[in-house]
Structure formats: C-alpha cells, structure tokens
Amino acid sequence: MIKDKFAPIIIAVDGPAAAGKGTLSRRLAHFYDLAYLDTGSLYRAVGWSVLNAGGNPRNADEATEAAKNLDMSGIESHDIRTAEIGRAASIVAAIPSVRAALLDFQRNFAKHPPHFHEGKVRGAVLDGRDIGTVVCPDATVKLFIIADLEERAKRRWQELTARDAGLPLEQVVEDLRRRDARDSGRDTAPLTPSSDAEILDTSKLSIEEVVARSIRMVDRKLGIGSSPGETA
Ligand code: CDP
C-alpha cells in the first residue's frame, strides 16, 4: 500500500487494564509531538453517564443513548477513574451499538488530530483495547502492552488507595481478572493484539525502560536511527 507522506503518524497502544498504556502514551505523545486520545475515557464517560442517570450499564438502549449523546467537555471534573466506573465501562464496552457510536469520534481524531493542520503536532497516539485492530488498522506503529495480573493489580491498587485507603489488594486483583475476561471474551472488538503489533511485557520494567524500549520500536518503524540512551 502507498502511504501518504503528509498523513498523520498514528501510534496505537493497546493492552489490558493497568498495563501502563496511559503513562506510556502520554510520554510518546510528548516525545514525538503527537496529540493524545485516551479512548478508555470515552467508555468510562458512557459508564458514568448511565450510572449518574440511575440507569443500568447492561441495558443496551440506555448505554447506546448515553454513547450517542456523549459530551466529553467537563467529564474529567467527575470522578471517572474509580473501580466502579471501570467496571461499568467494560460492561457498556461489550455492547456493539455503544462501540459503533464511539467509533467515528476516535477515527476522526486519528485522521485529523487537533492542531495537525497548523503544524503543531505530527499525528496522534490513541490508547485502548482495539486501536490496532479496529479503530486504526493502518496505524503507523502498533504497540501491545502487557504485564502480569498481580503486577497490574499492584499498580492499580497504588493509584486507587490514594482515594480509598481501605481498598484490599485482593479486590483489585479480582476486579482486573473479571475485566480482562470481559474485554477479551466479548464478540465485538475483543482485546487481542493485531498480528502486526509489537508486544511489550512491562511486568519487570520501570517506566523509563518501557518508554526507552517503545521509542526504539517506534523509531525503527518510522525509519529513524535512535540515539543511544535517548528517552522522553
Ligand atoms: O485505565 P484502564 O486500563 O483501567 O481502563 P480504560 O482504558 O480506562 O478502559 C476502561 C474500559 O473501557 C476497559 O476495561 C474496556 O472494557 C473499555 N475499552 C474498550 O473496550 N475499548 C477501548 N478502546 C478502550 C477501553
């Protein structure tokens, strides 16, 4: 396929919950001058919106209505990073009409990243579960970030206990286990690496090591010789 050299660079970062996609994606966006979209926040916002209206995330009509009317402005002022909203997000994310309602927004972000045409960014990083497989199958680079369940649960537990000091680690392990099963087992856009994705296991790596390795992978795909020891 002939690639348009003026098209935005797209980096797709997929993987299971709490594998470190968000931190890595922000660092890559900063390093390569790219816009960033955390697609999980869209599903979280739908889950929040259904619960906030007193609805049930399993109800396909309610969840689809919420996805169609999604207003992301101001959503971060609500607490969408809780375990409860994570659970609701993965329930609404298994409903095909919810995914369909959010697809155009994500594709449009990748095709026309904010400030791309003013030359302020060179493209976009999108992170999620199905970026490399469904949202941007032609992404310039695809990374699939994994880590052991126990390690991911420890990382997420550290984040969540900042707000909920009494939260037991076992509950976070169980929560992630269920979410992994739901995200990987659903029929529409299940969590699975694209056949051309680079897989990176972060279980035993520091953030700096994950960033440095990812930059080497991205540079290789972009045809750039990376300088030794260069990190974001
Ligand atoms: O931050 P964390 O890894 O816990 O999850 P997230 O990225 O905020 O995503 C929350 C939920 O949204 C996931 O468990 C998925 O079910 C769903 N999701 C999805 O299905 N597809 C995406 N592209 C992004 C998130």
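Basis for what follows: all heavy atoms, side chains included, without hydrogens, waters or symmetry-related copies. As the structure lists them, so they are numbered: ligands from 1, and atoms in each ligand from 1.
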For atom 15 (C) of ligand 1, tell me which residue out of I85, D183, T133, D38 has the closest non-hydrogen atom.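 Closest candidate by heavy-atom distance is D183.
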
Looking at non-hydrogen atoms alone, which of R87, R129, R99 comes nearest to atom 13 (C) of ligand 1? R129

Polar contact flag for [X] and ligand 1 (N/O pairs, less than 3.5 Å):
{"X": "S41", "answer": "no"}
{"X": "D130", "answer": "yes"}
{"X": "Q106", "answer": "no"}

Ligand 1-proximal atoms of [X], by part, heavy-atom distance under 4.0 Å:
{"X": "R152", "result": "neither"}
{"X": "R182", "result": "neither"}
{"X": "A18", "result": "backbone"}

Show the nearest heavy-atom pair for residues Y36 and S25, with the distance to one decimal.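 Nearest pair, atom of Y36 first, then S25: CE1-CB, 3.3 Å.
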
Do you know which two heavy atoms are closest between T188 and R186, and how far apart they sit?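 Reported closest heavy-atom pair: O-NE, 3.1 Å.
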
Any idea which atoms of ligand 1 are less than 4.0 Å away from a heavy-atom of [X]?
{"X": "G128", "result": "22 (C), 23 (N), 24 (C)"}
{"X": "A89", "result": "10 (C), 11 (C), 12 (O)"}
{"X": "K21", "result": "3 (O)"}
{"X": "A93", "result": "16 (O), 17 (C), 20 (O)"}
{"X": "A17", "result": "3 (O), 4 (O)"}

State whether the number of non-hydrogen atoms from other residues, nucleotides or ligands found under 6.0 Å of L222 atom CG is greater than 12.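 For L222, atom CG is crowded (more than 12 foreign heavy atoms under 6.0 Å).
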
Ion pair check, R156 and D175, cut-off under 4.0 Å: no

